[in-house]
*Asks:* 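There's a structure below that I have some questions on.
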Amino acid sequence: AKGKLFKSEILFEVGVNCDNMEELNYMKNDAYELAYNLNPIYQHTYKFAFQFFKGEEYSFAIKFFKECLDQIGCNINKTCSDPLAQEFYFKTCSHLANIYNIKGEYLTAINYAEKAIDLRNKIYCEKDDSEGYDKIYYDLSKDICIVECLIDIELKRMNINPLYRNLANS
């Protein structure tokens, strides 16, 4: 089992390193699929789903993005403060909103957009709360400047503007 997990992480990193190289697209897709098949954790599922999204294979993208949300599960509440899971939840909901918007299923698109926006707003509103969504940063450092910087980075990575643009175009 350990070898499987190690192999899946290597394959995932191969995919990540091929992300911006169009000539290695085939390798990237294969690496993400193999990583997902070996160890279907939310990070692997997200990247696998994203390949379908980019290829405009929306039914598969929806299936795997929803699986990703199921895998994230409780990791987006205050008791399981995991900033990476929060980011993946935000991005997954944003992509689902985009897909449903493209498909003309506007109410479903709005529903997923609201989930993404709601999470980001909660993180923003509770960024000064050491027991809030970013409790982990307060646990890591007592230096409030470092904590604020980490939360600002997280919020920037949850870029809300493309989500608003996408919804405005419907």
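None of these values were measured; they are calculated from a predicted model. Values below: every heavy atom of this structure, side chains too, minus hydrogens, waters and symmetry copies. Along the sequence shown, residues carry numbers from 1.
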*Asks:* In terms of ring plane angle, is the pair Phe52 and Phe64 parallel, tilted or perpendicular, where the classes change at 30° and 60°?
*Replies:* parallel

*Asks:* Just wondering, are more than 12 heavy atoms of other shown residues or ligands nearer than 6.0 Å to CG in Asn20?
*Replies:*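 Open: at most 12 neighbouring heavy atoms sit under 6.0 Å from CG of Asn20.
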
*Asks:* Less than 4.5 Å apart, any side-chain heavy atom of Phe90 and any of Lys115?
*Replies:*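 No, too far: nothing below the 4.5 Å cut-off.
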
*Asks:* With a 3.5 Å cut-off and no angle check, do the side chains of Glu9 and His44 form a donor-acceptor pair?
*Replies:*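 Short answer, yes.
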
*Asks:* What distance do Gln86 atom CD and Tyr89 atom OH have between them, rounded to the nearest 0.5 Å?
*Replies:*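 One gets 11.0 Å once the value is rounded to the nearest 0.5 Å.
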
*Asks:* Do Asp19 and Tyr32 come within less than 4.5 Å of each other through their side chains, counting heavy atoms only?
*Replies:*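 They are in side-chain contact.
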
*Asks:* Below 4.0 angstrom, N of the basic side chain to O of the carboxylate: do Asp118 and Lys122 qualify?
*Replies:*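 A salt bridge is present here (some side-chain N lies under 4.0 Å from a carboxylate O).
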
*Asks:* Side chains of Lys28 and Gln51: does their closest heavy-atom pair fall under 4.5 Å?
*Replies:* yes

*Asks:* I'd like to know if the side chain of Gln71 and the backbone of Pro40 have a donor-acceptor N/O pair within less than 3.5 Å.
*Replies:* yes

*Asks:* With respect to Ser8, which candidate in Ile41, Asn37, Asn39 satisfies the side chain to side chain contact (heavy atoms under 4.5 Å, CB included) definition?
*Replies:* Asn39

*Asks:* Counting only heavy atoms not in Tyr124, do more than 12 fall under 6.0 Å of its OH?
*Replies:* no

*Asks:* Rounded to the nearest 0.5 Å, what separates atom CD in Glu87 from atom CD1 in Ile123?
*Replies:*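 With rounding to 0.5 Å, CD (Glu87) is 9.5 Å from CD1 (Ile123).
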
*Asks:* I want to know whether Tyr106 and Tyr100 have ring centres closer than 6.0 Å.
*Replies:* no

*Asks:* Looking just at side-chain N and O atoms, do Tyr36 and Glu67 make a donor-acceptor pair shorter than 3.5 Å?
*Replies:*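 Glu67 and Tyr36 do have a side-chain donor-acceptor pair below 3.5 Å.
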
*Asks:* Assess whether atom CD of Glu22 is packed by more than 12 heavy atoms of other residues, nucleotides or ligands within 6.0 Å.
*Replies:*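 No - once you tally the heavy atoms of other residues, nucleotides and ligands closer than 6.0 Å, there are 12 at most.
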
*Asks:* Heavy atoms, side chains only, cut-off 4.5 Å: are Asp134 and Pro83 in contact?
*Replies:* yes

*Asks:* Please tell me whether Asn111 and Glu114 have a donor and an acceptor in their side chains that are separated by less than 3.5 angstrom.
*Replies:*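 No, no side-chain donor-acceptor pair sits under 3.5 Å.
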
*Asks:* Does atom NZ of Lys54 have more than 12 heavy-atom neighbours, drawn from other residues, nucleotides or ligands, at distances under 6.0 Å?
*Replies:* yes

*Asks:* Would you say Tyr138 ends up clustered with Leu155 if hydrophobic residues are merged whenever their side chains have heavy atoms under 4.5 Å apart, either directly or through other cluster members?
*Replies:* yes

*Asks:* Does Lys66 pair with Asp70 as a salt bridge, N-O distance under 4.0 Å?
*Replies:*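 The answer is no: the pair does not qualify as a salt bridge.
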
*Asks:* Just so I know, are the side chains of Tyr137 and Ile146 near enough to count as touching, which here means a heavy-atom distance under 4.5 Å?
*Replies:*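 Sidechains of Ile146 and Tyr137: no contact.
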
*Asks:* I want to check something: taking the side chain as every heavy atom from C-beta on, are Thr108 and Lys103 in contact at a cut-off of under 4.5 Å?
*Replies:* no

*Asks:* Less than 6.0 angstrom separating the ring centers of His95 and Tyr112, yes or no?
*Replies:* no

